[in-house]
Amino acid sequence: MQIKNSAVSMIIEAENQKELEEIKLQFLGRSGRLTLTLKEITKVPAEKRAIVGRLANEVKNVIEETLEEKKLTLGSQISNQQKQSIDITNPGIKPDIGHLHPMTQVLYEVADIFKQIGFQAADGPEIETDYHNFEALNIYKDHPARDTQQTLYLDTRDSKSNPGEIILRTQTSNMQIRIMEKFTPPLRVIVPGKVFRYEQTDASHGFEFWQFEGFAVDKNIRFTDLLGVLDYFVKKFFGENTKIRFASHNFPFTEPSLEGHISCITCKGKGCRFCKFSGWVEVLGAGMIHPNVLKRMNINPSKYQGFAFGTGLSRLVTLRYQMNDLRLLTDPDLRILEQF
Ligand code: DAH
């Protein structure tokens, strides 16, 4: 009894885990007070031994239980103390915040530049018909221009479409057709989007990449309107000092057609590795929309004219940031992406 009382009162008064451990040793340890008493039991006369034994065991249980309880209350006190000791004036841990991919940033910027001169942005299908991607753009089945656009065909065996009719679009020019089918002039539209070609991937080629298309159809649209719009765009996008020059070219859906080069933004036209020492880099294709294309869309070419242009959006990004490999744009490496 005495052992029990003194043990319990000591446990209750204990202030920390260390004191509790000491009390435990003092009573229940190998030479603890209760342990020694239990050993003495053999000396107790046989008839009283059972009673004394039970009593001693009860005392042991009570001490153990009280110890356990106290341990728990001390534990929760500690965590309360810890909670109270949080310094709320400490600056927090900054969470990682994502941002738009450089490609999307540039896409928004381009859309914004054209919005200022009245162009709307449109979106369209990546899975396309041969008709919209080629045929309606004056690129007939056996046209040599198809060779420049290595096409990925979808397996149409289980569908109603004829073999070879359903493809992944090779150019965003398909959207000239889709928009002219649905809307009547005046039209001023840009279309950013992904295109696909069966190409070996390397630093300047990908089997999927981004383009953006622009076109306008209205009365009195002239060749000089096209040149002015392109000049406006490259100056807004690459900077006021950027020069643009035009070279004649051929696209089946424009007549006349041209290719646009800008003064190299790396060396400012002096000549460097980036521009292959020419001072100029090719950035776009363009031209006046071919009368055949307008006619097919039921637009009378003697009343309405149009211009169109197309450029690689991926290329605009790599040019602006002087990246030497297109593949960096699809690399999920955060060390690259965090720089934008
Ligand atoms: N679609 C052409 C290509 O992928 C680029 C292009 C050239 C678009 C001339 C045009 C254009 O709208 O007028 O190579």
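Order of appearance sets the numbers: ligands from 1, and atoms from 1 within every ligand.
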Within the 4.0 Å heavy-atom shell around [X], which atoms of ligand 1 are there?
X	value
Ser173	1 (N), 8 (C)
Arg197	3 (C), 4 (O), 14 (O)
Gln149	3 (C), 4 (O), 14 (O)
Gly287	13 (O)
Thr254	13 (O)
Phe253	1 (N), 8 (C), 9 (C), 10 (C), 11 (C), 12 (O), 13 (O)

Has ligand 1 got any nitrogen or oxygen that is less than 3.5 angstrom from a nitrogen or oxygen of [X]?
X	result
Gln211	yes
Ala308	yes
Gln176	yes

Practice problem: Name the option, out of Ala286, Gly310, Gly214, that contains the heavy atom nearest to atom 5 (C) of ligand 1. | Solution: Gly310
Quiz prompt | Selection from His290, Glu255, Gln171 by shortest heavy-atom distance to atom 2 (C) of ligand 1 | solution = Gln171
Quiz item: Are more than 12 heavy atoms from other residues, nucleotides or ligands located less than 6.0 Å from atom CD1 of Ile127?
Solution: no
Quiz item: Does NZ in Lys235 sit with more than 12 non-hydrogen atoms of other residues, nucleotides or ligands closer than 6.0 Å?
Solution: yes
Quiz item: Do Ser263 and Lys268 have side-chain heavy atoms sitting under 4.5 Å apart?
Solution: no
Exercise. Could you tell me the separation between the CD atom of Glu13 and the CD1 atom of Ile23, rounded to the nearest 0.5 Å?
Key: 9.0 Å
Quiz prompt | From NE2 (His101) to OG1 (Thr330), nearest 0.5 Å | solution = 7.5 Å
Quiz item: Can a non-hydrogen atom of Phe215 be found less than 4.0 Å from any atom of ligand 1?
Solution: no
Quiz item: If you measure from each heavy atom of Met175 to ligand 1, is any distance below 4.0 Å?
Solution: no
With a 6.0 Å cut-off on the ring centroids, do [X] and [Y] count as close?
X	Y	answer
Phe215	Phe253	no
Phe237	Tyr232	no
Phe233	Phe114	yes

Quiz item: What residue and heavy atom of the protein are closest to atom 12 (O) of ligand 1, and at what distance?
Solution: Glu213 OE2, 2.6 Å
Compile the donor-acceptor pairs under 3.5 Å between side chains in residues 305-314 and protein atoms, sequence neighbours left out, one pair per line.
unit_1 : atom_1 : unit_2 : atom_2 : d
Gln305 : OE1    : Asn220 : N      : 3.0
Gln305 : OE1    : Ile221 : N      : 3.2
Thr311 : OG1    : Val283 : O      : 2.6
Ser314 : OG     : Trp210 : N      : 2.9

